[in-house]
2 protein chains.
Amino acid sequence: MKQKPTLKVIAKELDVSVSTVSKALRDSKEIGEETKNKVKAFAKLYNYKPNNIALSLKNKKTKTLGVIIPEIVHHFFTTVISGIENYANEKGYNVIVGLSNESFKKEVINLEMLANGSIDGFIISVAKETLSAKDYHHLYETIDQGIPIVMFDRVIDEIECDKVIVDDIKTSEKAVQKLLNSGCKHIGIISTKDYVSVGRLRTEGYINALKSNGIDVDKNLILKIDDKFNSDDNLEFLEQQIFDYFESNDVDGLFAVNELYAITAMKVARQKGLSIPNDLQIIGFTDGVLSKHAFPPLTTISQHGFEMGEEAAKLLIERLENTDDDEEAFKTTVVKTDIIERETTKL
Amino acid sequence: MKQKPTLKVIAKELDVSVSTVSKALRDSKEIGEETKNKVKAFAKLYNYKPNNIALSLKNKKTKTLGVIIPEIVHHFFTTVISGIENYANEKGYNVIVGLSNESFKKEVINLEMLANGSIDGFIISVAKETLSAKDYHHLYETIDQGIPIVMFDRVIDEIECDKVIVDDIKTSEKAVQKLLNSGCKHIGIISTKDYVSVGRLRTEGYINALKSNGIDVDKNLILKIDDKFNSDDNLEFLEQQIFDYFESNDVDGLFAVNELYAITAMKVARQKGLSIPNDLQIIGFTDGVLSKHAFPPLTTISQHGFEMGEEAAKLLIERLENTDDDEEAFKTTVVKTDIIERETTKL
DNA sequence: TCTTACAACTACAACGATTTCGTGTTGATA
DNA sequence: TATCAACACGAAATCGTTGTAGTTGTAAGA
């Protein structure tokens, strides 16, 4: 086992000073050609690489980004991470991932654990529990300590920071409009409780679309699922709610604010003998593997998670590397969405 | 913006020495009660938290684990990460994620980037490109530098390190046996090329099961897909291969070595008018969202990714914290598998 | 011959924390 | 009164690296 060499051991070995080695490797003109070559050759031979931790301490920069998300077993979030990683690596940054599991407490712990020097900035999608409790002190404190935050997807309006979102309202309007155009008369929505910002906004878009088409909004057609926790755990509960919804409502078009709701709705509809898309057309928000491989393949809204991740990383790194200390204004990037037409909607 | 206080500023503020502050906070008996209380109160007030980077430098331990996986938009891998995170966080460790995207080069870069002090140890599932190129120098070098590696899922036999695997052979035997028991006469397998260890082993299990039932192995029934890259990208290619396979072979039972192959096979079978499970029974390896929500729901083998992650983290952390320098022998943990019976198989 | 300039290097401080080894004061004991 | 232990604290080294500020030695210029 050969330990990584340090400047010190190289210096001793070559009988020069540590500073000389450091400078030689950084190609400083203070050092003579001969010595430089000698040092470089030696360093290469022993595969010297500067110690990141020491550099971090010195530079007060870790070149790593902290990403905190509610869950990782989730297509959208992993797509975003992918985008973050991609951009971050290009710029020489690493990515530490922290999972909140939708828990406020875990989110706080993760944030504090990483805020002690481990990372230069955060990219966060806030936990549902945080959203419903409206306790944002940990976020304020982090920002107050000079650690920049970029929020994506689930965003808190009142916090001033960079944000990457999708125009949930407009996109939802577009989706519902498509349903309308395809002949749907009674369009329902399966959404989340209002404390989840994206759920609230998508519901708003749904309502807007109906109104602008002169259709009265029937509150019964708006189903707001309450799932504070990982939705995979209470699938039966979800199914039951959707089942009841179908029992008491007669819809021919359905807009679901996420993939799981859409897929589950399809399943329940199938149980009830409904034919998709003939009896019922469905559009889901967020495109994932489920939609793609569903039967029939689900028409969805692509949020372009990869681009969102890239954009978030870009905003963060730009802020980190902006040395002219005239504080740049916070930006909110709106990533475009697309409707991916598959087979749960008619043309 | 209030910067995080350091020991130095606390010391200056309270007019004591840095050492005194440090000791007071660590409750050393060298420091008088009065001073201790004063320091602690002040530290609490200003929310002092020791700087992780400084600690890492001093202790030569970063308390972070490096996880390198081929892709993150993948149910199995995210489940494993979940398990790793869970165990690691419990033990006070953080997790840095690096993606190889199945590329040898990116794997090497990631490894080297993190091996320079950023992490204490690695958890790796090797990229397909690395596997097919059989170039493992980066792994050997890492281990040689004293950085422990734990491999999971895609494992390299000849490298000595801790490993977490599933008994691919036995599990596949079990699956094929189940197909046999359910009345299948002509069982096929959709596998990967042999350089992917798990593909090779699962094929081996398939062959074993047939042989031990006195059935001749028909090479034509073994389809080995070649996908060096992200399988999502060449879905049509996959479909085409499976389509051709069905054209030239008549099977009533199918064992697929991963979820995507199974789901795609179902899709192709449906196109060909086959009824599942009446005309064709299918079992897929690796349980994910797709299987659960497929129509009909797919019978699969659960690999218990979460447990695999926990186990990998456990092995790694145990090795890291094992201070008695009698090198512990390398362990290979075999995580149990289960067949999750859903609706693509008969009882 | 004495500056002066320059090349080529070294010493030292600093980043933030811990830890070992002192050191000065107090009170008790011989 | 001299000695010593206990107590409470401080100085300095250390981790690995970099940047600034010296410190040499040599050669050119006056």
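Proteins get letters first, then strands, A, B, ... in listed order; numbering begins at 1 in each.
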(request) Describe the nucleic acid contact of K8(A) in one word from base, sugar-phosphate, nothing, applying a heavy-atom distance below 4.0 Å. (result) sugar-phosphate
(request) Scan T6(B) against the nucleic acid and name what it touches under 4.0 Å (heavy atoms): base, sugar-phosphate only, or nothing. (result) sugar-phosphate
(request) Determine the contact category for K60(A): base if any of its heavy atoms lies under 4.0 Å from a base atom, sugar-phosphate if only primed atoms, P, OP1 or OP2 are that close, otherwise nothing. (result) sugar-phosphate
(message) Over all strands shown, is V16(B) touching base, sugar-phosphate only, or nothing at heavy-atom distances under 4.0 angstrom?
(response) sugar-phosphate
(message) Salt bridge or not between K40(B) and D27(B)? Use side-chain N to carboxylate O under 4.0 Å.
(response) yes
(request) State plainly whether the residues K128(A) and E71(A) are in salt-bridge range, i.e. N to O under 4.0 Å. (result) no
(request) To the nearest Å, give me how far apart CD1 (I31(B)) and C1' (dC9(D)) are. (result) 6 Å
(message) With hydrogens left out and only the distance checked, is there a donor-acceptor pair under 3.5 Å joining K61(A)'s side chain and the base of dT18(D)?
(response) no
(request) May I have the distance from I53(A) (atom CD1) to dA14(C) (atom C1'), rounded to whole angstrom? (result) 18 Å
(message) Rounded to the nearest 0.5 Å, what separates atom CG in L139(A) from atom CD1 in I156(A)?
(response) 5.0 Å
(request) Report the residue (E30(B) or A54(B)) whose heavy-atom-nearest nucleotide on DNA chain D is the more 5′ of the two. (result) E30(B)
(message) Taking any heavy-atom pair under 4.0 Å as a contact, classify L55(B): base, sugar-phosphate, or nothing.
(response) sugar-phosphate
(message) Does K61(B), at its NZ atom, have more than 12 non-hydrogen atoms belonging to other residues, nucleotides or ligands within less than 6.0 Å?
(response) no
(request) Respond yes when some side-chain nitrogen or oxygen of Y48(B) is under 4.0 Å from OP1 or OP2 of dG16(C), and no when none is. (result) no
(request) Write down the distance between CG (L57(A)) and P (dA17(C)), rounded to a whole number of angstrom. (result) 9 Å
(message) Heavy atoms from C-beta onward define the side chain here; which of dT18(C), dC21(C), dT10(C) lies closest to that of V18(B)?
(response) dT18(C)
(message) If I take atom CG in residue L7(B) and atom P in nucleotide dC15(C), what distance separates them, rounded to the nearest angstrom?
(response) 13 Å
(request) Can you tell me the distance, in whole Å, between the NZ atom of K58(A) and the P atom of dC12(C)? (result) 16 Å
(request) To the nearest Å, give me how far apart NZ (K29(B)) and P (dC7(D)) are. (result) 11 Å
(message) Check this one for me: any side-chain N or O of T35(B) less than 4.0 Å away from OP1 or OP2 of dC9(D)?
(response) yes
(request) Find the distance N51(B):CG to dT14(D):P and express it as a whole number of Å. (result) 21 Å
(message) Whether E318(B) and K331(B) form a salt bridge (side-chain N of Lys/Arg under 4.0 Å from carboxylate O of Asp/Glu) is what I want to check.
(response) yes
(request) Rounded to the nearest angstrom, tell me the gap between atom CG in L25(A) and atom C1' in dG19(D). (result) 15 Å
(request) Would you classify S56(B) as touching base, sugar-phosphate or nothing, given that sugar-phosphate means primed atoms plus P, OP1 and OP2, and contacts are heavy atoms under 4.0 Å? (result) nothing
(message) Given the structure, check if the side chain of S19(B) and the base of dA11(D) hold any donor-acceptor pair shorter than 3.5 Å.
(response) yes
